[in-house]
Each structure stands twice: as structure tokens, then as C-alpha cells.
Asks: 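Sharing a structure below in C-alpha cells format, with a few things to ask.
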Amino acid sequence: MDDIGTEKVTMARSAEAVLRQEERAGRRQAQIIDAARACVRVEGIHATSMSRVAAEAGMSVGHIYQYFENKEAIMLALCERDFDDFMLHIMKISDSAGRDVDAIVHTFSNEIIWLLESDRAALTLEVMAEASRNPKFSDLVVRVDHRLRSALRAIIEPVLEGLSQREIDMRIETLLVMTRCLTVHAGTRPIGDRGMLAAGFELAFRGVISPS
């Protein structure tokens with residue numbers, strides 16, 4: 001093998017090694033975030049310590065510092081991942097969008113059940129509480145709000161053709177309030193009949209996105 005061929009083989013092996021290292025790091029980060037979620041479910045964001053996360057993850061605190069700068073970085077990563085999961089559900093609604101109100105409402109009522117999982121709702125409440133005292137969490141809440149507003153606008157604008165921008169903004173605001181209230185409801189009391197609650201939410205959602 002000539003020098004050029006040897007160099008190419010070396011570069012390919014180096015690239016594979018880097019990829020494997022990134023994959024291992026990704027798995028470790030996910031392991032730490034999963035551990036943080038378990039801790040937050042019991043103790044909340046503010047009370048959870050690095051040592052508690054490390055014990056839950058089966059790692060040393062020093063090992064965790066190889067992947068995250070501090071506890072704040074872990075908690076922000078947890079919140080970012082949770083919101084990304086939520087946006088996947090919102091995008092399913094967007095995929096069924098267009099001018100078919102029934103399709104949008106049906107998909108929304110199916111996907112909104114995700115919000116009723118108590119640990120996810122509790123995490124949202126924790127984030128809102130942390131945002132009141134931590135600027136980084138406050139910035140996260142603002143970014144989440146902006147992305148969610150944009151996604152809702154893309155979903156409902158096509159079925160609200162003819163309405164003024166103010167009327168559309170009013171409906172988007174109403175949907176945001178409804179979603180947040182549902183999260184508070186799920187996070188502060190046991191949910192008995194989820195189907196009934198989803199059906200009630202569907203009824204209200206249909207009213208908000210109906211043009212008349």
C-alpha cells in the first residue's frame with residue numbers, strides 16, 4: 001500500500017474512533033439525564049444534588065463532570081430533551097394539518113395524552129419554578145414559548161383564513177393557556193379518567209380553531 005493509501009486508511013480509522021467515542025459519550029449523557037429525571041421526580045430540581053444524580057446513574061461525581069459542567073447543565077439538558085420530545089408530538093399534529101379541522105383535532109386529542117403523564121407535568125412545573133430564580137432557565141422558557149407559538153401558528157393559520165392577525169394571535173394565546181393549565185392540572189392532582197379529560201380538551205380545542 002502506498003503512502004496515500006495508508007494515510008486514507010489511518011484517517012478512516014481515526015474517524016471511526018471519533019464516532020465510537022461520540023456514541024459512548026452520547027450514551028453516558030443519556031444515562032446521566034435519565035438519572036437526573038428520576039431524582040427530580042422525587043426531590044425536585046433545586047434539591048437534587050450531583051451526588052444524588054451520580055448514585056442514581058451508578059457513576060462517580062468526577063465521572064459525571066467529564067460530560068456535564070455542573071448540575072445546572074444536567075438539568076438544562078434534561079429540560080431541553082423533554083421539550084424536544086414534546087415538540088415531536090406537536091409536529092405530529094402539524095403533519096395532519098392543512099384545512100381539515102377534524103384531522104387536527106383528532107390528532108391533537110391523541111397526542112395531548114402525553115402531557116398527562118404526571119412525571120412530565122411535574123418536570124414542567126419544576127422548570128417554571130426554577131425559571132423564577134435562574135436566568136438560564138428563564139431563557140429556556142422564553143425559547144420554548146417562541147418555538148411553541150410558531151408551531152401552533154403553522155398548524156392553525158391554514159384553517160383560520162380570513163381572520164385578522166389579532167384574532168389568530170388571540171387563539172394561539174388561548175391554546176397556550178389551555179396547554180399550560182392542563183400541565184398544572186396533571187402535575188398537581190391524580191388523573192382519574194384520562195379519556196374524559198382528553199375529550200373535554202378536544203371539545204375546547206375545536207372551539208378555538210373553528211373559524212366561526
Side-chain angles (χ1 to χ4, degrees), residues 14-95 111-155 175-176 179-188 191:
S14 297
E16 290 175 359
V18 170
L19 180 60
R20 287 195 297 270
Q21 185 177 11
E22 290 176 348
E23 289 174 346
R24 284 196 297 269
R27 289 194 295 270
R28 283 298 190 185
Q29 288 170 340
Q31 178 183 348
I32 294 166
I33 292 172
D34 288 340
R37 173 181 282 283
C39 294
V40 169
R41 187 182 301 122
V42 177
E43 302 173 2
I45 290 177
H46 200 60
T48 295
S49 65
M50 283 290 282
S51 59
R52 180 73 180 85
V53 174
E56 183 69 29
M59 301 167 63
S60 69
V61 173
H63 195 188
I64 288 180
Y65 279 125
Q66 295 179 26
Y67 301 98
F68 291 98
E69 181 182 0
N70 49 36
K71 186 190 89 170
E72 180 184 72
I74 297 173
M75 295 304 170
L76 286 169
L78 168 59
C79 297
E80 291 276 12
R81 189 182 72 175
D82 203 73
F83 178 66
D84 286 341
D85 288 344
F86 174 64
M87 288 305 297
L88 289 176
H89 289 265
I90 294 295
M91 293 316 296
K92 288 181 181 178
I93 303 169
S94 182
D95 291 341
E111 297 301 324
I112 205 65
I113 294 296
W114 184 87
L115 277 178
L116 300 180
E117 295 180 13
S118 59
D119 66 322
R120 297 188 185 280
L123 177 60
T124 300
L125 297 181
E126 283 289 327
V127 171
M128 298 306 295
E130 198 67 22
S132 67
R133 53 181 171 252
N134 186 321
K136 291 185 179 179
F137 279 84
S138 179
D139 289 343
L140 173 63
V141 169
V142 171
R143 286 189 283 110
V144 165
D145 182 83
H146 178 73
R147 285 183 60 190
L148 186 52
R149 285 174 187 273
S150 297
L152 289 176
R153 183 178 300 280
I155 292 169
L175 287 177
L176 288 169
T179 303
R180 287 168 183 155
C181 286
L182 185 63
T183 302
V184 172
H185 185 72
T188 55
I191 301 297

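Residues take their numbers from the sequence shown, with the count starting at 1.
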Asks: Show, in sequence, the C-alpha distance, side-chain angles and deciding distance for Thr124 and Phe86, and conclude whether the side chain to side chain contact (heavy atoms under 4.5 Å, CB included) test is met.
Replies: CA-CA 11 Å; Thr124 300; Phe86 174 64; over 6 Å; no
Asks: So does Leu175 get a backbone contact from the side chain of Thr179, meaning a donor-acceptor N/O pair under 3.5 Å?
Replies: yes
Asks: Taking the side chain as every heavy atom from C-beta outward, state whether Leu176 and Asp145 have any pair of such atoms under 4.5 Å apart.
Replies: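 Touching, per the 4.5 Å side-chain cut-off.
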Asks: Would you compute the distance between atom CD of Gln66 and atom CD1 of Ile32 and round it to the nearest 0.5 angstrom?
Replies: 9.0 Å
Asks: Could you pull out the closest heavy-atom pair between Cys39 and Glu56, with the gap in Å?
Replies: SG-CB, 3.9 Å
Asks: Show the nearest heavy-atom pair for residues Cys79 and Phe137, with the distance to one decimal.
Replies: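 Where Cys79 meets Phe137 most closely, the heavy atoms are SG-CE2, 3.8 Å.
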Asks: For Arg81, enumerate each residue passing the salt bridge (Lys or Arg N to Asp or Glu O under 4.0 Å) test, keeping only those at least two apart in sequence or located in another chain.
Replies: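 Salt bridge (Lys or Arg N to Asp or Glu O under 4.0 Å) check on Arg81 returns Asp34.
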Asks: Kindly give the heavy-atom pair with the smallest separation between Leu78 and Ala36, and that separation in Å.
Replies: CD2-C, 4.2 Å
Asks: Check the pair Arg28 / Phe68 against side chain to side chain contact (heavy atoms under 4.5 Å, CB included), numbers first and verdict last.
Replies: CA-CA 10 Å; Arg28 283 298 190 185; Phe68 291 98; over 6 Å; no
Asks: Taking the side chain as C-beta and beyond, is there a heavy-atom pair between Met50 and Asn70 under 4.5 Å?
Replies: no
Asks: Minimum heavy-atom separation for Ala57 and Gln31, please, with both atom names.
Replies: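 Looking at all heavy atoms of both residues, the closest pair is O-NE2, 2.6 Å.
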Asks: Mark yes or no for whether Lys136, through its side chain, and Leu76, through its backbone, hold a donor-acceptor pair below 3.5 Å.
Replies: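 Looks like no, no N/O pair under 3.5 Å.
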Asks: Run the side chain to side chain contact (heavy atoms under 4.5 Å, CB included) check on Ile74 and Gln29 step by step: do they pass?
Replies: CA-CA 9 Å; Ile74 297 173; Gln29 288 170 340; over 6 Å; no
Asks: Any idea which heavy atoms bring Ala131 and Val141 closest together, and the distance?
Replies: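 Looking at all heavy atoms of both residues, the closest pair is CB-CG2, 3.8 Å.
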Asks: Find out whether Arg37 and Asp82 are in side-chain contact, i.e. whether some heavy atom of one side chain is under 4.5 Å from a heavy atom of the other.
Replies: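 Yes, side chains in contact.
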Asks: For Arg133 and His46, what are the C-alpha separation, side-chain angles and deciding distance, and is it a side chain to side chain contact (heavy atoms under 4.5 Å, CB included)?
Replies: CA-CA 10 Å; Arg133 53 181 171 252; His46 200 60; 3.4 Å; yes
Asks: Heavy-atom count check: over 12 atoms from other residues, nucleotides or ligands less than 6.0 Å from Glu69 CD?
Replies: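 For Glu69, atom CD is not crowded (no more than 12 foreign heavy atoms under 6.0 Å).
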Asks: Would you indicate whether the side-chain heavy atoms of Met75 and Asn134 approach each other to under 4.5 Å?
Replies: no
Asks: Write down the atom of Ile45, the atom of Glu126, and the distance for their closest heavy-atom approach.
Replies: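 For Ile45 versus Glu126, the nearest heavy atoms are N-OE1, 2.9 Å.
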Asks: Between CD of Glu43 and OG1 of Thr48, what distance do you get to the nearest 0.5 Å?
Replies: 4.5 Å
Asks: What I want to find out is whether Glu80 reaches Arg143 closely enough, with some N-O distance under 4.0 Å, to be called a salt bridge.
Replies: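 Counted as a salt bridge, because a side-chain N and a carboxylate O are separated by less than 4.0 Å.
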